[in-house]
Q: 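Sharing a structure below in structure tokens format, with a few things to ask.
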Amino acid sequence: MEYGSSSDPSKSTFSIADEDHTLANSVRFTLNQDPRVSFCGYSIPHPSENRVNIRVQTTGDPASEVLKDACQDLMLMCQHVRGTFDKAVSDFKKQQG
């Protein structure tokens with residue numbers, strides 16, 4: 001769910017259900033690598049809630065588009081790590097006989 005300013009789409013807070021620090025910190029890291037992002041942070045409203053709020057402020061681009069791009073970048077990073085890991089496991093098994 002997005003909570004944003006109707007007059008300024010470059011600033012929004014996104015509330016993501018059923019997630020925790022694992023996803024939120026990864027998305028925050030990826031967003032902070034984007035030069036279009038002027039501020040990004042996240043909070044968990046209460047420890048017993050499985051909800052994360054991610055705040056995104058950009059230099060002018062719509063925050064929802066920048067968040068979408070960051071999620072796609074994160075997915076590519078995860079695919080690369082998974083591929084590298086699978087190859088290393090395969091190479092190790094071949095060496096072991």
Side-chain angles (χ1 to χ4, degrees):
M1 175 173 284
E2 180 179 357
Y3 301 100
S5 168
S6 59
S7 63
D8 189 358
S10 69
K11 300 176 178 98
S12 287
T13 300
F14 302 90
S15 185
I16 303 172
D18 298 325
E19 291 299 341
D20 59 11
H21 290 283
T22 305
L23 178 72
N25 196 40
S26 299
V27 171
R28 181 202 56 81
F29 173 81
T30 307
L31 278 164
N32 280 324
Q33 303 302 310
D34 192 326
R36 299 175 294 174
V37 174
S38 58
F39 173 80
C40 175
Y42 77 91
S43 65
I44 295 181
H46 192 274
S48 66
E49 278 187 68
N50 287 338
R51 177 172 304 283
V52 170
N53 295 326
I54 300 176
R55 176 72 177 176
V56 181
Q57 292 177 206
T58 71
T59 56
D61 293 3
S64 58
E65 291 299 314
V66 174
L67 177 64
K68 185 175 97 172
D69 292 346
C71 289
Q72 290 173 340
D73 290 346
L74 181 59
M75 188 173 61
L76 291 173
M77 281 188 249
C78 291
Q79 289 171 346
H80 173 73
V81 169
R82 177 63 187 257
T84 302
F85 177 77
D86 288 346
K87 183 181 181 318
V89 168
S90 176
D91 292 348
F92 177 78
K93 287 181 178 179
K94 286 179 187 173
Q95 287 179 356
Q96 298 301 312

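Note that the numbering runs from 1 along the sequence shown for the chain. Note that these values count all heavy atoms, side chains included, but never hydrogens, waters or copies made by symmetry.
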Q: Under 3.5 Å, side chain of Thr30 to main-chain N/O of Ser26, donor-acceptor pair present?
A: yes
Q: How long is the gap from CG on Asp61 to CG on Leu67, to the nearest 0.5 Å?
A: 13.0 Å
Q: Would you name the heavy atoms of Pro45 and Asn53 that are closest together and state the gap between them?
A: CG-ND2, 3.5 Å
Q: If you measure from CG on Leu76 to NE2 on His80, what distance do you get to the nearest 0.5 Å?
A: 11.0 Å
Q: With sequence neighbours left out, what residues match Phe14 under ring-ring contact (aromatic ring centres under 6.0 Å, His included)?
A: none
Q: Compare all side-chain heavy atoms of Leu23 with those of Val52 and state whether any distance is below 4.5 angstrom.
A: no
Q: Indicate whether the side chain of Arg36 and that of Thr59 have a donor and an acceptor atom separated by less than 3.5 Å.
A: no
Q: Roughly how far, to the nearest 0.5 Å, is the CD atom of Gln57 from the SG atom of Cys40?
A: 9.5 Å
Q: To the nearest 0.5 Å, tell me how far Ile44 CD1 sits from Glu19 CD.
A: 10.0 Å
Q: Less than 4.5 Å apart, side chain to side chain, heavy atoms only: is that true for Phe39 and Lys11?
A: no
Q: Would you give the length of the straight line joining atom CD1 of Ile16 to atom CG of Asn50, rounded to the nearest 0.5 angstrom?
A: 13.0 Å
Q: Once rounded to the nearest 0.5 Å, what's the spacing between atom CG of Leu74 and atom CD of Gln79?
A: 10.0 Å
